[in-house]
Structures are given as structure tokens and as C-alpha cells.
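Everything below concerns the one structure shown next.
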Amino acid sequence: MVRKEGSITVFLSISGILILALLGTLVETARYTTCANHTARTIRTSVEALLTEYSRPLYDNYGLFFLESGGTADEKVIAGYAADTMEAARPGMMDFLSGGIRQIQVTDRTYLGDDGAAALQREINQYMLRRLTKKQLEKWRNKSSDILQSQDIAGEIENTVEQQREMADLDGQLLKLMKWIDGITVLDGKIYCEKEFIKMFGTGELKGQNFGVTAEAVWNKMKKHIDHTPNDWSKLDRRAFLKKAEKVCALTEQAIQESQSLKTGFQKFGMKNSEFSDHDKKMKQLIHQMSVLETNKEILSKTCMILRQPEGEGEAERLEELWKDYDTESISFDYTGVEERGGAGSPIDALSGIWGNGILKLVCQDTEKISKAKVPEADNYARFYGDTADAIEEYGDRITALAEEEEPSLSGVLGELGGYGINEFCLDSYIQDCFSSYIETVPGWEKSLKYQWEYIVSGKGSDKENLESVLSRILLIRVPVNFSAIYRDQAKKAEAYAAAAAVVGFTGLEPLIRLTQTLILLVWSVVEGFVDVAGLLQGRHVPVLKTPAQILTRFPEIFGLSGKVITERAGKFSKGTGKSFGYKEYLLLFLALTRQSTRLYRTMDLIQWDMVKNGYSDFQLGNCVFSMKVSASATFPARLFRLPVIRGILGRDIQDYSYTCEIIKGYL
């Protein structure tokens, strides 16, 4: 038997190589996994390092963490932070974790204003939730609940005025018919009579009863203009009488058309309200009496035809026979109370006179101290992000409409708070902490606008405009509250009724008087509202809901108002306490009723303007980044795979391998 030398050695060598290759493969695979984790961790840490470069003035003044994008590219900054960690610890040493960044790319950024400024809301929540609780939110909601009742009252007032106006419009048509038929107009307690009117031709004895007039004062004015020609046609001045007859014929045609319109309106709106049942009966009777106008028109038309022709034989007899049916008695208007003289004029006119100067001069103690600050363009970020901001309403126009057109519009000033939650409460509390208003200033750097709460609510380009808008809105809330209190006081209602009767001229037009009474009560409520707003600006306790005894304005004080009078009267309110619903609470309520994205974008406007005003001229809040998505790839040199033994077994030369990762990082 021949003995073979070295077989065991070869076997062990081959086995050792295989074991070494296996161990090397396992180690290299583990190293690859470790390098991948190392890359992800390094990129994550580098992005976090980049985020530590947040805008310091933005944080110092507003408590917000945002990265101001600009200057050195974010990719370069991240690569710089990652480089030291990825490179070998010491030259000449084999570092199993050393590698190289091949590419870093920021594939997506979330800017502060994206998605309705959701990032800003999130930052504010984190900033405020450490101090606010849902219990505080409920406490504020309960405190605001009473003021929301004013809108129910406002709706009732508008419905009342609408119903009264429907009936009063019929009385307005009656006034026209009185002027055309009887020639009578009553203005400021004085009676006037036209030169031409339908009853101006006397066909019988000159007595008021023959002309459907029982009021002596009216008849005394009317009888001076009666033409007696139809009583004695022999004294006819053909030319002069024709001229009168033509004018009266045209008036009669107008009266016929107006009476038809009156009939239609009465059928639609009349007989609905038992309060005016007596008035409706008289109206129904009067409409029936209007039928005589057709006969009168026919008589006037035939008379004009006769007088346009040359005078013929028997003309006087023909006219006398024709005019036997001319009716001046059947139509009889109710002039009850016409002799009552008016008082100091219409309170509605008084409101128009004082409102023309604007609300600021009426409620601010020193208008010279009102800020004159302006900004170039309001709602800048809302437009930049394509967000349609809440419509900017001119609340003062509603008072103008009441003063000039007697058209009350009080509802819709407030809205629903049903969806108002802790996030929005955080936002509004943040606004009041970080920004200033007419009554509160925030220490620190200069402000582009002084009245910043007011800007977020109103969205106008100047402090003056924003303050006017807020005060007019508060006024519109106070009017229904005051109206409710005044209306419950019978003595005050009686004063308003007496003034209304004086304005209208006579009590025969009850619906018109009631409408005028309601409008006078509204004017009274507006004037009391001026006092309320002045009191709020002075930091006084103005009751959210009032009793009649808490009304500070007496009826005679509606006239001859001035800012000095109003602000002095406001001093009768007691000093405000922590339980008072003051100017600040009204602003917080208005903030709550403003769309959330609108508030956020206007907050961005204020921050942007203030940053620029304080020396950061290149700052752009819209470019500030909240979070980013970073894609990175790195290469690592192969270590054990490059050993000749393992390379021979693998059958290929592996120089390096790469790893790609994606990281999303942002502020909390």
C-alpha cells in the first residue's frame, strides 16, 4: 500500500479558505447593514443640525421655529454636517464605517404658509398648549354666549320693520293721493295746500263736508284754493279754466293709477295684523271710494274738449249739466291729529347729521392720538397663496343706510361658534399675546401697524380703517341689545310714539307712525350704542344685556350730540372688572368668527411687516421652511470582499457598494 503525503493539509487549507470566505462574507454583509444605518443616522442628524439654524429673531419675538430658506443651499449645508461623520477617523487606518456622500437632494419642502398655513397653526399650538386648557376655552364660550343673543334680537327687529314697512308703504301711497286729491301736504307739523288738486273745483256750497274734509285746519288751507267757476259758468274764463282742467285731468289719471296700486298692495299686505284692524277698515272703504275718480276724469276730459273748440251757443248749459256728477265729497281722508304740531324734528335726521363725521370722533376721547400707520397692501399672503380672504364688510355702511335710507340691517354681524375648538382658541390667544391693539401694547420691537388685532379681524390697510371697522361692528351688536331694553320701557316707547306722530303729521296713518316709532327707537339705540362703545374703549363695565334702567341716554339727548358729550356720558359706567365683557373680549369674539386661514395669513402679514420694519429687509416669511424631505446616497468601499481568496470564490471584483435613504424631518 502506497502512502500519500499532504492530503490532510490540503483538505484543511481548502476548509479554512471556505470558512474564512464565509466569515468574511458574514462580516462584510453585517458591515453593509451597519453602514446603511450609519448613513441614515448621519443624514438624519445632519438635517436636524440644519434645522437648528432657525430664524432667531422669529423665535425671540414670536416663539416660532422656522428655517429661513436662502443663502447657502440646504443640500450643501447638510453635506457639510455629514462629511465629518462619513469620513475615516484617522488617515491610514481602516475604518469600517467610512464612506462618501454621492448625492444629497432636498426633494420636498413644507413652507410656513402651505395648506392654509397649517404649519404655522401647528407651531402656535405647540407654543400655546402648554398654557391653555379646554376648561379655559369653555369658560370663554360661556362668557360669550349672552352676546350672541343680540343676533336673535336683530333678526326680530328686521322682521318687525319689514312687516311695518309693508303697511307703511300703503300709507305712503295715501299721502300721495292726499296731495293729488285734496292738495294737502303736512310737513314738520305745518299744513300746506297745492294750487291744483282734484277737489279744487267747487260744484256746491263751500263747506268742508262737501269736500270730504272734517278737519278744520285742513279745510282752512284747502278752501283758499277752491275754484268756484262750476257754480256759475257765466263767469267762465275759458283759457284759464282749460289750463287748470288739463292739469287736474293729468293728476286724476295719476291718482287712478296710484289707487289701483294701493288696492293691489292692500290685497297683498292688508288685513294681516289685528293691531291695525281699524286702519284696514278705513283703507278698504277709501279704496272703494276711489271709483269716483273715473267719473271725474271723464268730466274733465269732456270739459277740455269743449273748451278747446270755439265757444258755441249753449256752452254754459252744457258744462253745467256735465258737472253735476263731479264728485268732491265721496273720497274722505282721515286727518285725525293733523293740528298737533311737531317737536324738535326727526331723530333720524339727527343721526344722519352726527354720523357723517364717522364713529371715531364720537367715541374716542382723543382722536389726535389715533395711529396713522399704514401698510402698502393688506391681505398680502392670502393673495400669494391663492386663498380668498373673508369679504371685508364696511359695517359703517349699515348705520349710513339706517340714517339716510331708514333701512335697518343688523343681523349677520356675528356667526356660529359651534365649530370653534381648542386649536383656534390657541391661535386667537397667541394673537392677543404677541400682537398689540388699540387698548393693549406688546413690549419689544417696533410695529408696522399699532392695532394688529384689529387688522386680523378687519384686513384693511391702515390702523384708522381697522379701528373704525371694529368699532362699527361692536356698535351693530350693541344696537339690538339697547333696542330690547328701550322697547321694554313703556315711557320710552310713548316718547318715541309722540315723536313719530309729530314727524308723520297726523295719527290717521297708524302703520306709518308705528314704522317711524320703530325707526326712532332704533336711532335711540344707536346713540346709546355710541355711549357703550365709548365706555368699552375707556375700559368700563358695559353690561352685555341691559335693563331699561341701564339706558344712559334720554330721548331729548338724541339731538345735538358730540364726541365730548358721548365720552362724558360713558363715564357713568362703572370701572371694568375681570368679569366684564370688554373691548378685548369683543375682539376675541370677532377673531373666533373670522375664518382660520384668514387669521393665519394675516398673522403672517404682520410678522413679515414687523421683521422688515426692524431691519430684516431681506426676510421673507413665505420662504420659511417647516419640514423637508431629503434623499441621500452614499458609497462605501468593500473591505473583506476585496481579499484575493474571497474575490476568487465570488468570481468578481467588488470595489464598493452604495446605499440610498430618504429622511423626513421638521419642527415639532
Side-chain angles (χ1 to χ4, degrees), residues 162-187 191-201 203 211-215 218-219 221-222 225-227 243-273 276 278-304 325-338 405-407 503-516:
E162 183 179 358
Q163 293 171 7
Q164 290 179 344
R165 194 180 296 283
E166 289 172 352
M167 291 298 296
D169 285 345
L170 301 181
D171 280 352
Q173 291 179 287
L174 275 185
L175 290 174
K176 288 183 185 179
L177 290 168
M178 287 177 182
K179 182 178 180 180
W180 295 336
I181 296 173
D182 286 0
I184 296 299
T185 302
V186 181
L187 186 63
I191 304 171
Y192 301 90
C193 187
E194 302 292 320
K195 291 183 179 180
E196 285 92 16
F197 50 95
I198 294 171
K199 290 184 183 178
M200 69 176 293
F201 299 119
T203 58
F211 290 82
V213 178
T214 57
V218 174
W219 174 241
K221 289 286 183 180
M222 186 176 173
H225 300 276
I226 299 298
D227 187 327
K243 188 176 180 181
K244 289 180 182 179
E246 287 176 337
K247 289 183 179 179
V248 174
C249 188
L251 284 175
T252 305
E253 177 60 34
Q254 285 181 276
I256 290 171
Q257 293 178 8
E258 194 68 28
S259 65
Q260 289 298 323
S261 176
L262 178 65
K263 182 178 180 180
T264 302
F266 182 73
Q267 290 172 345
K268 185 177 181 180
F269 302 117
M271 306 301 288
K272 289 182 178 180
N273 196 324
F276 304 129
D278 291 340
H279 173 272
D280 287 350
K281 289 178 183 177
K282 293 178 182 178
M283 180 75 79
K284 188 175 182 180
Q285 182 180 2
L286 184 61
I287 291 171
H288 178 71
Q289 294 167 357
M290 293 290 172
S291 60
V292 302
L293 292 174
E294 291 287 353
T295 302
N296 286 0
K297 178 189 171 186
E298 186 178 352
I299 292 170
L300 288 165
S301 298
K302 289 181 178 179
T303 300
C304 291
D325 293 327
Y326 196 84
D327 194 326
T328 59
E329 184 178 350
S330 296
I331 301 176
S332 180
F333 296 101
D334 184 358
Y335 289 105
T336 305
V338 74
E405 303 169 22
E406 301 181 2
E407 194 67 45
V503 170
V504 172
F506 44 95
T507 55
L509 305 176
E510 186 66 17
L512 187 55
I513 292 175
R514 291 299 180 89
L515 172 63
T516 307

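Below, each value reflects all heavy atoms present in this structure, side chains not excepted, and no hydrogens, waters or symmetry copies. Predicted model, so just to flag it, every value in this text is computed and none were measured.
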Would you check if the side chain of [X] reaches a backbone N or O of [Y] as a donor-acceptor pair within less than 3.5 Å?
{"X": "Thr264", "Y": "Gln260", "answer": "yes"}
{"X": "Lys199", "Y": "Ile331", "answer": "yes"}
{"X": "Gln289", "Y": "Ser332", "answer": "yes"}

Is [Y] close to [X] at the side-chain level, that is, under 4.5 Å between some pair of heavy atoms?
{"X": "Leu175", "Y": "Leu512", "result": "yes"}
{"X": "Thr214", "Y": "Tyr335", "result": "no"}
{"X": "Ile299", "Y": "Asp325", "result": "yes"}
{"X": "Leu300", "Y": "Tyr326", "result": "yes"}

Which value, rounded to the nearest 0.5 Å, describes the distance between Ser330 atom OG and His288 atom NE2?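 The NE2 atom of His288 is 9.0 Å from OG of Ser330, to the nearest 0.5 Å.
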Could you please spell out the steps behind the side-chain contact (heavy atoms from CB on, under 4.5 Å) verdict for Ile184 and Tyr192? CA-CA 6 Å; Ile184 296 299; Tyr192 301 90; over 6 Å; no
Should Leu286 and Leu174 be marked as a side-chain contact (heavy atoms from CB on, under 4.5 Å) after you check the CA-CA gap, both sets of side-chain angles, and the distance that decides it? CA-CA 10 Å; Leu286 184 61; Leu174 275 185; 3.1 Å; yes
Identify the heavy atoms of Phe266 and Asp280 that sit nearest to each other, and give their distance.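 Smallest heavy-atom distance, with atoms named: CZ-O, 3.5 Å.
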Heavy-atom closest contact (Met290 atom, Ile181 atom, distance):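 Heavy-atom minimum between the residues: SD-CD1, 3.9 Å.
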Apply side-chain contact (heavy atoms from CB on, under 4.5 Å) to His225 and Phe197, showing your working. CA-CA 9 Å; His225 300 276; Phe197 50 95; 3.8 Å; yes
Carboxylate-amine/guanidinium contact Lys297 Glu253, below 4.0 Å: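 Yes, charged N to carboxylate O under 4.0 Å.
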Looking only at side chains, do Asp171 and His279 share a donor and an acceptor under 3.5 Å apart?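 Looking only at side-chain atoms, His279 and Asp171 do form a donor-acceptor pair, the distance falling under 3.5 Å.
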I would like to know whether Leu170 and Met167 meet side-chain contact (heavy atoms from CB on, under 4.5 Å); could you show each step before the answer? CA-CA 5 Å; Leu170 301 181; Met167 291 298 296; 4.2 Å; yes
